[in-house]
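The shown structure was predicted, so the numbers you read here are calculated from the model rather than taken from an experiment.
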Amino acid sequence: MNSLYQLHVNASGGRARRSAHASQRALRGHLWVAALVGLLATLFRVFGVQRANDVFIDEVTYADVARQIADGHMPSILGTPFFLHPPGSYALNALVIRVLGLQGNSTDLALQLRWVNSVLGAVAVVVCFLLVRRLVGVGPAAVAGVILASDPFVLRMDGRLMMETPAGLAVLSGWLLVLLLLDRKSGRTRLWLEISAGLVFGLAIVMKDMTAVFTVVPLLAAVVWRRTVPLQTALRILACSTVPYLVYLGLIAASGLIPQFVEQKSVGVLRMMGVVQMTGFNSVHSVSLADRLIDLAGRFGTSYLLLGLSVVAGAVTAMSPLVERRAIGLFSLFTGLVGIYSVFFGAAEEQFGYCVVLSALVSVPVAAVMVVKWRPRLRAPVMAAAAIMTILSLFLGVQARSVVDDGLVRARDWMNAELPMSSKVGLTSVTAEFALMPHEGWEVLPSLQSLHDREAQYVLTQGRQLSEGYGFAAPEFLDWLQDNAQAVFTFRGPTSGDTVVWQLDRAKLDAAVAGGLSVPPVTGGYP
């Protein structure tokens with residue numbers, strides 16, 4: 001009898017050891033898949049990092065703010081304290097500037113700091129893989145990782161110095177920590193995970209305070225929705241998430257700048273709600289969103305599909321009987337709803353879609369698995385759709401990173417090399433103003449009158465910005481240059497269209513102004 005019992009024990013122990021070894025082998029295999037997905041994401045992001053996207057005005061501004069922090073100063077723009085966005089991402093870039101000793105003007109600094117976002121974007125892809133793997137397994141996670149690694153819209157954001165990349169990474173990382181704690185009973189490990197999740201959510205908020213809608217709001221909703229998250233857990237996470245922002249507010253209060261903070265933040269909230277339309281597709285001077293979507297469908301078609309699926313996939317996932325899936329479903333649902341609101345009512349700027357795509361790529365695989373489980377006959381169509389989506393995303397991603405789209409930097413370098421140092425150059429767009437000034441002899445001259453009065457010899461224009469009303473100069477200004485000036489430098493790219501340096505004919509300019517043709521600017525306090 002004892003011998004039979006011993007044989008049973010030995011057999012059970014052997015099965016347990018084999019199961020443990022199998023689990024370890026599976027984990028190592030999954031880690032290899034995660035590493036390969038991360039490598040793919042890194043390759044997509046570092047290739048063409050300084051030439052695949054034309055300089056964006058926000059990049060130059062953020063680089064300048066980061067340099068100010070690196071030098072120990074309070075962030076400001078044109079001498080005014082800058083509180084429209086919290087300083088988390090700028091502080092991170094300031095640390096990089098100090099550690100690596102980066103130098104140069106704001107444009108060159110922005111191009112160097114793009115490498116930071118390239119790395120952070122690749123890490124976000126790995127975190128997305130880990131999230132989906134935990135929810136539905138390694139196969140769907142690999143598909144989601146490959147699509148996110150190559151998504152053309154995400155690549156453009158990660159290829160610029162934008163705050164969305166580090167903020168989005170913090171959002172995904174915080175939700176991964178939430179999932180890790182949900183399957184643990186009360187104890188020290190769970191408490192530390194709650195603290196960590198809250199602090200990481202807090203870092204996201206102190207990088208871009210709008211991310212509170214992608215973190216805190218879904219978390220609180222999860223308390224109500226089928227008791228997905230216990231109230232005490234949510235409150236502890238929420239309390240920790242306020243710590244980074246409270247530190248930020250404490251620094252502002254110590255500097256006596258709370259009134260300026262309240263004023264700027266109030267404007268920011270009104271902009272997000274759409275009460276104030278200063279920028280975005282709903283502003284007065286903007287091109288319509290429909291026209292923009294049609295124009296860019298060939299570049300970002302798969303991204304637009306993901307944007308549209310975020311709410312639907314989130315709603316489906318939130319219906320799951322599994323707690324972890326419901327939590328992620330609420331994250332995707334609320335993030336997608338914010339995107340919808342911004343499109344129809346708010347300040348619908350393109351960067352608002354970044355976290356929406358991230359949430360979609362976490363929830364869509366879960367929703368797809370759930371749909372197949374409910375309706376097994378849909379397995380083949382779902383797998384075919386996933387394969388097509390992956391192939392299209394890879395194709396568009398390669399296309400996005402292969403293009404040369406650095407017209408403003410090329411124009412600057414050409415003017416510095418070819419024009420005499422004493423040349424007077426008129427700038428006509430907001431991006432050119434921020435990216436190229438200060439520079440001796442270069443100034444914003446967005447009308448024929450200002451060109452005449454300042455005796456300008458050359459003009460720099462960016463075709464798409466001027467034609468769509470995003471520059472200082474009117475579209476008619478560009479028409480006059482095409483008929484009366486000589487293009488001495490031209491670069492065509494998908495972002496800005498034709499970036500052109502024009503040599504002015506003084507006789508034609510003088511005659512136009514004398515005849516009363518001023519072509520005044522469309523914006524700004526310029527003559």
Side-chain angles (χ1 to χ4, degrees), residues 45-64 66-67 93 96-97 100-118 155-156 159-162 400-446 451 454-467 470-473 477-478 481-482 485-504:
R45 280 152 181 77
V46 301
F47 184 78
V49 64
Q50 293 189 338
R51 61 174 176 78
N53 292 297
D54 208 354
V55 174
F56 188 52
I57 182 173
D58 288 2
E59 292 187 274
V60 183
T61 304
Y62 299 162
D64 187 56
R67 177 165 47 198
N93 288 317
V96 174
I97 291 172
L100 300 182
L102 301 183
Q103 297 179 349
N105 59 38
S106 297
T107 300
D108 292 330
L109 193 59
L111 293 175
Q112 295 175 72
L113 289 171
R114 281 182 175 183
W115 290 94
V116 178
N117 274 15
S118 296
L155 284 176
R156 182 161 75 164
R160 286 173 165 168
L161 183 63
M162 303 294 286
R401 303 312 288 175
S402 301
V403 70
V404 178
D405 190 25
D406 56 349
L408 190 59
V409 173
R410 288 177 179 243
R412 179 200 64 177
D413 294 344
W414 183 89
M415 289 190 293
N416 282 329
E418 300 296 333
L419 300 185
M421 291 293 294
S422 59
S423 297
K424 293 187 177 181
V425 179
L427 307 178
T428 58
S429 67
V430 183
T431 304
E433 178 190 22
F434 277 73
L436 305 184
M437 292 178 63
H439 189 289
E440 184 178 357
W442 299 5
E443 59 182 313
V444 176
L445 302 173
L451 292 174
R454 300 296 293 172
E455 299 182 348
Q457 300 162 290
Y458 299 90
V459 182
L460 172 66
T461 63
Q462 294 176 281
R464 185 182 297 275
Q465 284 87 331
L466 298 192
S467 64
Y470 284 109
F472 292 123
F477 180 89
L478 186 59
L481 289 173
Q482 291 171 344
Q486 179 184 357
V488 292
F489 171 87
T490 301
F491 178 87
R492 176 165 294 178
T495 299
S496 300
D498 289 339
T499 299
V500 183
V501 178
W502 305 88
Q503 185 175 15
L504 293 170

- [ ] Drop me the distance from Leu466's CG to Leu481's CG, to the nearest 0.5 angstrom.
- [x] 9.0 Å
Open item on the list: I'd like to check the side chain to side chain contact (heavy atoms under 4.5 Å, CB included) partners of Trp115; sequence neighbours left out, ordered by chain and number.
Closed with: Val46, Val49, Gln50
Task: Spacing of CG belonging to Leu102 relative to CG belonging to Leu111, to within rounding of 0.5 Å - done: 11.5 Å
Task: Listed partners of Ser106 passing side-chain hydrogen bond (donor to acceptor under 3.5 Å, both in side chains), at least two apart - done: Arg67
- [ ] Examine Arg160 relative to Phe56 and say whether NZ or CZ is less than 6.0 Å from the centre of the six-membered ring and inside a 45° cone about the ring axis.
- [x] yes
- [ ] Count the heavy atoms of every other residue, nucleotide or ligand shown that sit under 6.0 Å from CZ of Arg454, and state whether that count exceeds 12.
- [x] no
- [ ] Verify side-chain contact (heavy atoms from CB on, under 4.5 Å) between Val501 and Gln486, making sure each step is shown before the conclusion.
- [x] CA-CA 8 Å; Val501 178; Gln486 179 184 357; over 6 Å; no
- [ ] Using a 4.5 Å cut-off on heavy atoms from C-beta on, say whether the side chain of Pro494 contacts that of Val403.
- [x] yes
Task: 4.5 Å side-chain heavy-atom contact, Arg51 and Val409 - done: no
Open item on the list: Nearest 0.5 Å, please: how far is CG in Asp498 from CZ in Arg464?
Closed with: 10.0 Å
Open item on the list: Within this structure, what is the CD-OG distance for the pair Gln465 and Ser429, rounded to the nearest 0.5 Å?
Closed with: 6.0 Å
Open item on the list: Given 3.5 Å as the limit, does a donor-acceptor pair link the side chain of Gln112 with the main chain of Gln103, or not?
Closed with: yes
Report all side-chain donor-acceptor pairs from residues 419-428 shorter than 3.5 Å, counting only partners two or more places apart or in another chain.
from   : atom 1 : to     : atom 2 : distance (Å)
Ser423 : OG     : Pro420 : O      : 2.9
Thr428 : OG1    : Leu460 : O      : 2.8

Task: Asp54 side, atom CG; Glu59 side, atom CD - distance, nearest 0.5 Å - done: 9.0 Å
TODO: Using modelled atom types only, decide if a donor and an acceptor are shared between the side chain of Asp58 and the backbone of Met162 within a distance under 3.5 Å.
DONE: no
- [ ] Report the distance from atom CZ of Phe434 to atom OG1 of Thr61, rounding to the nearest 0.5 Å.
- [x] 5.0 Å
- [ ] State, to 0.1 Å, how close Phe47 and Ser402 come at their nearest heavy-atom pair, and which atoms those are.
- [x] CE2-CA, 4.3 Å
TODO: Could you check Asn105 against His439 for side-chain contact (heavy atoms from CB on, under 4.5 Å), going step by step and ending with a plain yes or no?
DONE: CA-CA 11 Å; Asn105 59 38; His439 189 289; over 6 Å; no
- [ ] Just do the side-chain contact (heavy atoms from CB on, under 4.5 Å) check on Arg412 and Asn416 with the steps written out, would you?
- [x] CA-CA 6 Å; Arg412 179 200 64 177; Asn416 282 329; 3.7 Å; yes
Open item on the list: Applying side-chain hydrogen bond (donor to acceptor under 3.5 Å, both in side chains), can you list everything that pairs with Arg410, at least two apart in sequence or on another chain?
Closed with: Asp406
Open item on the list: I need the minimum non-hydrogen distance between Leu155 and Arg401, along with the two atoms involved.
Closed with: O-NH1, 3.6 Å
TODO: For residues Ala400 and Ala52, report the shortest heavy-atom separation together with the two atoms involved.
DONE: O-CB, 3.9 Å
Open item on the list: Taking the side chain as everything from C-beta on, heavy atoms only, tell me whether Leu436 gets closer than 4.5 Å to Leu408.
Closed with: yes
Task: Minimum-distance pair of heavy atoms, taken over all atoms of Val459 and Phe477 - done: CG1-CE2, 3.9 Å
- [ ] Kindly give the heavy-atom pair with the smallest separation between Ala110 and Leu161, and that separation in Å.
- [x] CA-CD2, 4.0 Å
Task: Partner residues of Thr499 under the side-chain hydrogen bond (donor to acceptor under 3.5 Å, both in side chains) criterion, sequence neighbours left out - done: none
TODO: Could you list the residues that satisfy salt bridge (Lys or Arg N to Asp or Glu O under 4.0 Å) with Asp405, not counting sequence neighbours?
DONE: none
TODO: Give the C-alpha distance, both sets of side-chain angles, the deciding distance and a yes or no for side-chain contact (heavy atoms from CB on, under 4.5 Å) between Tyr62 and Asn93.
DONE: CA-CA 9 Å; Tyr62 299 162; Asn93 288 317; 5.8 Å; no
- [ ] May I ask you to decide if Gly159's main-chain N or O and Arg114's side chain share a donor-acceptor pair within less than 3.5 Å?
- [x] yes
